Amino acid sequence: MSKKKLAIFTIIIAILLDQIIKIYVKTHFVLGEEVVFFDWFRIHFTENNGMAMGFEFGGKAGKLFLTLFRVVAVSAIIYWLMGAIKAKTHNAVIVAIALIFSGAVGNIIDSIFYGVIFDHPTRSLAKMFPENTTGELFYGKVVDMFYFPLWQGTLPEWIPFMGGEMFTFFQYIFNPADAFISVGVALLFVFSKQAFPK
């Protein structure tokens with residue numbers, strides 16, 4: 001398989017997988033609903049405005065800026081990917097950049113389109129392509145669902161600032177797109193000599 005085909009295949013599979021899982025969760029789970037498979041692995045449906053770990057800034061203007069910034073960033077990533085293919089970079093690096101691109105695109109799709117292709121109930125299942133929706137283009141929320149609370153307990157008193165408080169590791173809820181970005185970044189670290197030659 002050529003490097004170009006490898007990149008295209010990775011991108012198509014990753015974006016499809018991301019969107020299929022998100023659409024399934026959004027149309028089969030009520031917001032806040034949780035399914036516990038193990039104490040350390042749960043599906044917990046939540047949404048956020050698109051920043052890492054659910055942070056927000058600047059209200060609607062900040063949300064629009066974040067979405068537009070991501071579009072620009074994706075353009076830079078695709079340029080990087082094309083350069084890596086042309087330079088015949090190691091396949092692992094091609095896959096890494098393709099995964100980062102796919103993850104960014106997956107969350108951009110949520111941010112741009114989910115506000116208008118779904119309705120937004122709080123206590124019932126969302127419907128896809130409803131007759132009426134209160135959402136807006138470019139103001140959709142990103143769907144998250146993977147929750148891995150690997151350890152929960154009270155931190156020892158001797159730990160500065162947090163000692164004696166309840167703590168959960170890993171407390172953040174994420175989606176396939178986030179996972180693809182993380183895997184891509186990890187691959188770039190592992191294959192850093194190939195990704196960033198002198």
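These figures come from a predicted structure and were not determined experimentally.
- In the hydrophobic clustering of this structure, Ile100 groups with Val183; members are Ile, Leu, Val, Met, Phe, Trp, Tyr whose side-chain heavy atoms approach within less than 4.5 Å, directly or through other members.
- Taking CD1 of Ile94 as the start and CZ of Phe9 as the end, the distance is 15.5 Å to the nearest 0.5 Å.
- Pro130 and Ile117 make their closest contact through CD-O, 3.4 Å (heavy atoms, listed as atom of the first residue, atom of the second, distance).
- Atom OG of Ser192 is separated from atom CG of Leu187 by 11.5 Å, given to the nearest 0.5 angstrom.
- Remark: Met128 CE is packed, more than 12 non-hydrogen atoms of other residues, nucleotides or ligands lying under 6.0 Å away.
- Ion pairing between a basic and an acidic side chain is recognised when a charged N comes within 4.0 Å of a carboxylate O; Asp110 and Lys141 show no such pairing.
- Checked options Leu6, Ile12, Ile13, Ile8; the residue passing with Thr10 is Leu6 (criterion: side chain to side chain contact (heavy atoms under 4.5 Å, CB included)).
- In the hydrophobic cluster analysis, where Ile, Leu, Val, Met, Phe, Trp and Tyr join through side-chain heavy atoms closer than 4.5 angstrom, Ile109 is grouped together with Tyr24.
- A single hydrophobic cluster is not seen to contain both Val142 and Ile173; linkage of ILVMFWY side chains at heavy-atom distances under 4.5 Å, directly or through other members, places them apart.
- Contact annotation: the side chain of Val72 never approaches that of Leu68 to less than 4.5 Å [non-hydrogen atoms, C-beta and beyond].
- Lys4 NZ to Leu81 CG: the interatomic distance, rounded to the nearest 0.5 Å, is 10.5 Å.
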Subject >> Test side chain to side chain contact (heavy atoms under 4.5 Å, CB included) applied to Ile21 and Met145, step by step >> reply: CA-CA 9 Å; Ile21 291 172; Met145 75 292 296; 4.0 Å; yes
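- Interatomic distance, CD of Gln194 versus CG of Asn91, reported as 11.0 Å (0.5 Å rounding).
- In this structure, CD on Gln171 lies 11.5 Å from CG on Leu150, to the nearest 0.5 angstrom.
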N/O donor to acceptor pairs below 3.5 angstrom from side-chain atoms of residues 30-41, sequence neighbours left out:
unit_1 : atom_1 : unit_2 : atom_2 : d
Glu33  : OE1    : Val30  : N      : 2.9
Glu34  : OE1    : His44  : ND1    : 2.9
Glu34  : OE2    : Arg42  : NH1    : 3.4

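- Between the side chain of Asp119 and the backbone N or O of Ala126, no donor-acceptor pair lies under 3.5 Å.
- Contacts of Tyr114 classified as ring pair (Phe, Tyr, Trp, His ring centres under 6.0 Å), with partners at least two apart in sequence or in another chain: Phe118.
- When atom types are taken as modelled, the side chain of Gln19 and the backbone of Gly106 share a donor-acceptor pair closer than 3.5 angstrom.
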Original post:
Hey, mind stepping through Val143 and Asn175 against side chain to side chain contact (heavy atoms under 4.5 Å, CB included) and telling me if it holds?
Top reply: CA-CA 7 Å; Val143 175; Asn175 60 42; 5.8 Å; no
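- Remark: side-chain polar atoms of Thr89 are not paired, donor with acceptor, to backbone N or O of Ile85 under 3.5 angstrom.
- With rounding to the nearest 0.5 Å, the separation of CZ in Phe138 from CZ in Phe113 is 7.5 Å.
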Subject >> Intermediate values then yes/no, side chain to side chain contact (heavy atoms under 4.5 Å, CB included), Lys26 and Glu47 >> reply: CA-CA 9 Å; Lys26 191 161 178 69; Glu47 294 178 313; 2.4 Å; yes
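- Minimum heavy-atom separation, Gly184 to Ala96: O-CB, 3.4 Å.
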**OP:** Evaluate the criterion side chain to side chain contact (heavy atoms under 4.5 Å, CB included) for residue pair Val93 and Leu188; output intermediate values, then yes/no.
**Re:** CA-CA 6 Å; Val93 177; Leu188 289 179; 4.1 Å; yes
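- Between the side chains of Asn48 and Asp144, a donor-acceptor pair is found at a separation under 3.5 Å.
- Scanning all heavy atoms of the two residues, the minimum distance from Arg70 to Ser111 falls at NH1-OG, 3.6 Å.
- Taking hydrophobic clusters as Ile, Leu, Val, Met, Phe, Trp and Tyr residues chained together by side-chain heavy-atom distances below 4.5 Å, Val25 shares a cluster with Ile23.
- Follow the hydrophobic side-chain contacts under 4.5 Å out from Leu99 and you reach Met1 in the same cluster.
- No side-chain donor from either of Asn107 and Asp18 sits under 3.5 Å from a side-chain acceptor of the other.
- Annotation: ring pair (Phe, Tyr, Trp, His ring centres under 6.0 Å) contacts involving residues 174-198, sequence neighbours excluded, comprise His90-Phe191, Phe146-Phe174, Phe148-Phe174.
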